[in-house]
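Encoded as structure tokens, the structure appears first; notes follow it.
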Amino acid sequence: MAQLSHLDEVWSAIVLLYLKPLKSNLDSEFIKETFHASDLEFCDDILIKVSRSFASVIRQLPATLLVDVLIFYLVLRALDTVEDDMTAFMSNEIKIQHLMNFHTTALADPNWSMDGVGEADEKRLLQEFPKCHSVYAALRPESKDVICDITKRMAEGMAEYVGKDLGQGTTDVAAYNRYCHFVAGLVGEGLSRLFAASGLENASVSDELFLSDQMGLFLQKTNIIRDYLEDYVDGRAFWPQSVWKKYSKSGDLGYFANHDDEEATNQALCCLNDLVTDALHLVPDCLKYLSKLHCSEVFRFCAIPQVMAIATLDKCYHNEDVFTGVVKIRKGLSCKLINNTNDFAGVHTVFHEFAKSITKQAINAKDSGFKDPSYDSTLQICQTVCDLTRDEVQKLKKSRIFDLSLIAIGGVGLCLGQLPVATSAGFAFAGRRIANAPGFGVSKSTLTPSATLMNGGASSSSEKKSN
């Protein structure tokens with residue numbers, strides 16, 4: 001019932017599910033001719049099982065990139081399943097050996113599989129991994145090199161944390177950042193290199209190692225903040241001790257889950273706001289990375305998780321529910337956010353609105369008497385985000401005002417019997433709607449569809465983006 005109070009989100013869900021869904025490119029001729037059908041079907045099916053939300057974002061990628069990213073995700077998911085299982089291996093040394101050898105076993109031996117590790121669909125992924133290898137083997141050599149390299153380096157990073165006592169989180173912010181780099185920052189690097197190898201993005205994108213890393217860190221830190229209680233209960237927490245120990249009166253990470261203690265609740269919120277603010281400092285670099293992309297489908301693939309992350313941080317900020325369960329954004333809001341990732345203006349508007357929302361929450365908390373050590377820092381970074389996004393937001397507002405004017409002119413024309421006026425306004429409005437649809441835009445901030453890039457439009461787009 002709560003969703004029905006947000007009619008704009010209900011409409012967004014209708015648009016995304018029925019009127020303008022994310023189009024899957026899995027049925028393209030290129031994919032059918034390149035990969036073994038039943039093995040690819042397994043990969044697609046298992047992807048939906050292990051990550052339903054991410055599956056649709058991958059499927060809308062161009063055919064020449066889609067399977068590369070799909071397999072990249074499944075390989076890393078398989079590696080993560082090995083790392084996550086705390087009971088399957090006789091010793092930490094054996095687990096480390098499996099992690100360190102993963103790129104030379106799973107990615108080199110077409111018959112490699114693993115049984116008794118993981119649960120449910122993750123377990124099945126490892127059991128039937130030869131099907132993934134079949135598809136991996138058919139990828140272009142450049143893509144296989146990227147996937148193998150990132151898998152090797154991620155496994156080395158994961159091995160550092162095997163056997164470490166994470167019951168009380170990471171030791172400090174440096175260790176927190178390092179963990180996020182290994183499990184998410186490297187993913188960002190790998191994706192950038194895959195984008196460049198596909199020819200859909202400039203070769204220079206593969207060199208954006210720092211910005212790629214920041215993109216991954218923003219997503220991972222958001223998940224870690226949101227999953228406080230689940231991770232603490234599992235005995236593998238990642239909140240940095242150098243941060244949370246400033247607020248925990250007992251010196252224990254579980255102190256914040258004591259919601260019957262008002263002081264503990266206040267301290268928990270201070271710690272939460274501190275970590276949210278830390279994550280927000282990654283936003284300027286994330287926006288900078290997105291500005292370097294020019295393929296519309298690649299842009300959406302990167303932008304959708306980012307807008308979900310800023311919405312989740314807004315939901316988590318100063319929210320006691322983080323310490324009693326998992327905080328989630330409404331499904332209708334998710335649909336609305338996805339619909340706003342067609343261009344830079346839409347994405348900038350999302351970040352602008354949530355930066356303003358967090359600012360408002362911080363001010364309201366202060367006005368109610370809440371003393372937050374991170375208050376000034378929170379307002380400062382939110383103001384920075386608003387400043388970075390203001391120009392695109394203003395352009396979008398002007399565009400919407402013009403659209404409303406056309407609707408008004410058409411309505412007045414009909415009321416006064418001026419059919420030519422109403423018709424002209426209607427055609428003008430329809431033309432603008434088509435121009436703003438994915439793949440049809442021609443404005444300065446418009447992205448280029450992959451079909452155009454693959455038909456020789458990449459060079460002109462690249463020149464534009466480099467100027």
Side-chain angles (χ1 to χ4, degrees), residues 43 46-47 49-51 54 69-109 112-130 132-133 136 146-171 174-191 213 216-217 219-240 305:
C43 293
I46 203 72
L47 175 67
K49 296 292 199 310
V50 300
S51 182
F54 204 50
V69 174
L70 188 158
I71 293 300
F72 183 44
Y73 181 86
L74 289 181
V75 168
L76 297 185
R77 190 59 179 257
L79 179 69
D80 184 64
T81 300
V82 174
E83 190 249 354
D84 273 349
D85 197 313
M86 309 305 290
T87 61
F89 303 99
M90 295 292 291
S91 68
N92 289 332
E93 289 72 21
I94 294 175
K95 176 189 275 194
I96 290 173
Q97 184 179 5
H98 280 292
L99 289 172
M100 299 294 281
N101 292 338
F102 198 85
H103 69 290
T104 59
T105 52
L107 297 184
D109 181 356
W112 181 92
S113 65
M114 181 176 281
D115 196 12
V117 177
E119 298 179 353
D121 293 303
E122 282 82 3
K123 181 178 181 178
R124 182 176 163 226
L125 171 61
L126 288 172
Q127 289 173 326
E128 302 185 49
F129 198 82
C132 292
H133 188 280
Y136 166 80
V146 171
I147 294 171
C148 186
D149 176 56
I150 297 299
T151 300
K152 176 178 181 294
R153 291 160 59 196
M154 183 180 289
E156 291 170 350
M158 288 176 169
E160 283 189 21
Y161 292 85
V162 174
K164 279 191 176 181
D165 183 3
L166 292 172
Q168 295 295 311
T170 53
T171 55
Y176 177 47
N177 290 340
R178 184 171 176 79
Y179 176 79
C180 291
H181 163 72
F182 283 129
V183 300
L186 286 175
V187 178
E189 177 189 330
L191 288 171
D213 188 68
L217 261 64
L219 302 182
Q220 187 64 27
K221 286 190 173 185
T222 298
N223 291 340
I224 287 173
I225 291 168
R226 180 198 62 196
D227 296 342
Y228 158 81
L229 188 61
E230 179 183 344
D231 288 345
Y232 176 72
V233 171
D234 288 345
R236 286 191 88 226
F238 303 96
W239 284 26

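What you are looking at is a predicted structure, and each value in this text was computed from that prediction instead of being measured.
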> Where the side chain of W239 meets the backbone of Y176, is there a donor-acceptor pair that is under 3.5 Å apart?
Replying inline: no

> Cut-off 3.5 Å, side chains only: do T151 and D149 have a donor facing an acceptor?
Replying inline: no

>> I need the minimum non-hydrogen distance between M154 and V183, along with the two atoms involved.
In response: CE-O, 3.9 Å

> Rounded to the nearest 0.5 Å, how far does OG1 of T105 lie from CE of M114?
Replying inline: 7.0 Å

>> Using the rule given for side chain to side chain contact (heavy atoms under 4.5 Å, CB included), can you reason through E122 versus D80, listing the C-alpha separation, both sets of side-chain angles and the distance that settles it, and then say yes or no?
In response: CA-CA 9 Å; E122 282 82 3; D80 184 64; over 6 Å; no

>> Check the orientation of F129 and F102. Use parallel for under 30°, tilted for 30 to 60°, and perpendicular for over 60°.
In response: perpendicular

>> Can you tell me how the ring of Y179 sits relative to the ring of F238, calling it parallel under 30°, perpendicular over 60° and tilted otherwise?
In response: parallel

> At their closest point, which heavy atom of R77 faces which heavy atom of S51, and how far apart are they?
Replying inline: NH1-CB, 4.2 Å

>> Taking CD in E160 as the centre, count heavy atoms belonging to other residues, nucleotides or ligands within less than 6.0 Å. Is the count above 12?
In response: yes

> Taking all non-hydrogen atoms of both residues, which atom of A88 and which atom of G116 are closest, and how far apart?
Replying inline: CB-O, 3.5 Å

>> Determine whether D115 and K123 satisfy the following criterion, side chain to side chain contact (heavy atoms under 4.5 Å, CB included), listing intermediate values before the conclusion.
In response: CA-CA 7 Å; D115 196 12; K123 181 178 181 178; 3.8 Å; yes

>> Are the side chains of T170 and R178 in contact, using a 4.5 Å heavy-atom criterion?
In response: no

> Can you check whether Y136 reaches L74 side chain to side chain, under 4.5 Å on heavy atoms?
Replying inline: no

>> Which residues pass the salt bridge (charged side-chain N to carboxylate O under 4.0 Å, His left out) test with K49, not counting sequence neighbours?
In response: D45

> Atom CD1 of I225 and atom CG of D231: how far apart are they, to the nearest 0.5 Å?
Replying inline: 11.5 Å

> How long is the span from the CD atom in E189 to the NE2 atom in H181, to the nearest 0.5 Å?
Replying inline: 7.0 Å

>> Working to the nearest 0.5 angstrom, can you tell me the gap between K95 NZ and T87 OG1?
In response: 8.5 Å

